[in-house]
Amino acid sequence: MLAHKNVVTLYQLPRPQMKRFPNFSGPCAKLETYLRMSRTPYTMKETLPMSGPYGKVPYIKVKGKTIPDSQICIWNLQKMKLAGFVDIDAHLSHHERILVESVRVMLEESVYIQLAYERWVNPKNANTTLQILLGHIPFPLRNFIFLKASKTKKHDLEAHGFGRYTKSQQQLFCQKAIDSVADILGDHPYMLGQRCCSLDAIVYGHLAHVLYSSDVWPDVPVSVYLRSKENLVRYIERMTEQYFPELVKSQED
């Protein structure tokens, strides 16, 4: 029996009611996927961003420490090597590790930011965001949270620079990123070949929820573009079947 202090507690947004992917948050899905891929024992607690360090989720608690940010969590877990942990990056070369980091930054600087704009800033999607992401919160608190989050996101995106681009320019950044990921994957089962690594958690985490966003958000072009990449669609479906089989089963029931 593992000591409780060695079990990770993952704090993240609630599971989507759609149950086709782990989370509407790319970073949340990325971290939970990594925990499963690395066989790290964990329990999950659903929460809102304002509860976490820096006012963001996901974050983890382990060995009496609270660790923020999905990537900082992964780096810490790689150092801790908790009981049962499998280092899924152990086989990577130096150049492959550079590629992992490069793709992570590319997705976080394009797709992740563009989704934040579409969901929280684009007025066409306001009602959908209220219903899908905040519908479990009582009125009028959910409206207050949405207005505050929308204002914060708009300020953050403009300060970052991405929010100052035209919509077509934003889409171009995302399309180039998705093209690159699709080319790297090719016809391999995993991003870098026959064995999984943390890049798979990164790509799956950031793209799984994007694939299905157009089902509920009517004005998210990056979702439509992703669906045109057949190898990425098949990859996302395979990853869900392998690492989140309960989601597949829930769709069949």
Sidechain-backbone polar pair: [X] side chain, [Y] backbone, donor-acceptor under 3.5 Å:
X: Ser150; Y: Phe146; answer: no
X: Arg142; Y: Leu134; answer: no
X: Arg15; Y: Asn23; answer: no
X: His188; Y: Leu185; answer: yes
X: Asp200; Y: Met191; answer: yes
X: Gln12; Y: Ala29; answer: no

[Y] and [X], any side-chain heavy atoms less than 4.5 Å apart:
X: His206; Y: Pro27; value: yes
X: Lys229; Y: Val233; value: no
X: Met50; Y: Ile145; value: yes
X: Val210; Y: Glu118; value: no
X: Ser180; Y: Val103; value: no
X: Leu99; Y: Ile184; value: yes
X: Arg119; Y: Asn125; value: no
X: Tyr117; Y: Val121; value: yes

For [X], look at atom [atom1] and say whether over 12 heavy atoms of other residues, nucleotides or ligands are found less than 6.0 Å away.
X: Lys176; atom1: NZ; answer: no
X: Glu230; atom1: CD; answer: no
X: His155; atom1: NE2; answer: no
X: Gln17; atom1: CD; answer: no
X: Arg238; atom1: CZ; answer: yes
X: Tyr11; atom1: OH; answer: yes

Original post:
Checking side-chain contact (heavy atoms from CB on, under 4.5 Å) against Met106, which of Val111, Val181, Ile178, Ile202 comes through?
Top reply: Val181
Subject >> Qualifying residue, where the test is side-chain contact (heavy atoms from CB on, under 4.5 Å) with Pro58 and the options are Leu35, Ile67, Leu31 >> reply: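 Of all the options given, the one that passes is Leu31.
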Which atom names give the shortest non-hydrogen contact between [X] and [Y], and what distance separates them?
X: Ala159; Y: Arg164; value: CA-NH2, 4.4 Å
X: Pro22; Y: Glu32; value: CB-OE1, 4.4 Å
X: Asn231; Y: Ala182; value: ND2-O, 2.9 Å
X: Ala208; Y: Phe21; value: CB-CB, 4.2 Å
X: Ser51; Y: Thr47; value: OG-OG1, 2.6 Å
X: Ala201; Y: Thr33; value: CA-CG2, 3.9 Å

Once rounded to the nearest 0.5 Å, what's the spacing between atom [atom1] of [X] and atom [atom2] of [Y]?
X: Gln170; Y: Phe162; atom1: CD; atom2: CZ; value: 4.5 Å
X: Lys153; Y: Ile113; atom1: NZ; atom2: CD1; value: 9.5 Å
X: Leu115; Y: Ser223; atom1: CG; atom2: OG; value: 6.0 Å
X: Glu46; Y: Leu13; atom1: CD; atom2: CG; value: 9.0 Å
X: His209; Y: Leu226; atom1: NE2; atom2: CG; value: 10.0 Å

Going only through I, L, V, M, F, W and Y residues with side-chain contacts under 4.5 Å, is there a path from [X] to [Y]?
X: Ile132; Y: Phe144; answer: yes
X: Leu211; Y: Leu199; answer: yes
X: Val222; Y: Leu232; answer: yes
X: Tyr34; Y: Val100; answer: yes
X: Leu147; Y: Leu141; answer: yes

**OP:** Evaluate the criterion side chain to side chain contact (heavy atoms under 4.5 Å, CB included) for residue pair Trp120 and Leu133; output intermediate values, then yes/no.
**Re:** CA-CA 10 Å; Trp120 296 101; Leu133 297 185; 3.6 Å; yes
**OP:** Determine, step by step, whether Ile236 and Arg20 satisfy the side chain to side chain contact (heavy atoms under 4.5 Å, CB included) criterion, reporting the C-alpha distance in whole Å, the side-chain angles of both residues, the deciding distance to 0.1 Å, and the verdict.
**Re:** CA-CA 10 Å; Ile236 291 168; Arg20 301 177 71 180; over 6 Å; no
**OP:** Determine, step by step, whether Phe173 and Glu109 satisfy the side chain to side chain contact (heavy atoms under 4.5 Å, CB included) criterion, reporting the C-alpha distance in whole Å, the side-chain angles of both residues, the deciding distance to 0.1 Å, and the verdict.
**Re:** CA-CA 9 Å; Phe173 275 103; Glu109 290 294 305; over 6 Å; no
In residues 69-94, what donor-acceptor pairs under 3.5 Å come from side-chain atoms, sequence neighbours left out?
| unit_1 | atom_1 | unit_2 | atom_2 | d |
| --- | --- | --- | --- | --- |
| Asp69 | OD2 | Gln71 | N | 3.0 |
| Asp69 | OD2 | Ile72 | N | 3.2 |
| Ser70 | OG | Lys30 | NZ | 3.2 |
| Gln71 | OE1 | Lys30 | NZ | 2.8 |
| Asn76 | ND2 | Ile72 | O | 2.8 |
| Gln78 | NE2 | Asp89 | OD2 | 3.4 |
| Lys81 | NZ | Gln78 | O | 3.4 |
| Asp87 | OD1 | Asp89 | N | 3.1 |
| Asp89 | OD1 | Ser198 | N | 2.8 |
| Asp89 | OD1 | Ser198 | OG | 3.3 |
| Asp89 | OD2 | Ser198 | OG | 2.7 |
| His91 | ND1 | Ile88 | O | 3.4 |
| Ser93 | OG | Glu96 | N | 3.2 |
| Ser93 | OG | Glu96 | OE1 | 3.4 |

Original post:
With the threshold set at 4.0 Å, does a side-chain nitrogen-carboxylate oxygen contact exist between Glu101 and Arg104?
Top reply: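 Salt bridge: yes.
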Subject >> Contact list for residues 213-249, test ring-ring contact (aromatic ring centres under 6.0 Å, His included), sequence neighbours left out >> reply: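 Checked against ring-ring contact (aromatic ring centres under 6.0 Å, His included) - neighbours excluded - the pairs reaching residues 213-249 are Phe24-Trp217.
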**OP:** Check the pair Arg227, Tyr212 against side chain to side chain contact (heavy atoms under 4.5 Å, CB included), reporting the backbone distance first and the verdict last.
**Re:** CA-CA 9 Å; Arg227 289 190 175 197; Tyr212 300 109; 4.0 Å; yes
Subject >> Thr240 and Tyr204: side chain donor to acceptor below 3.5 Å >> reply: yes
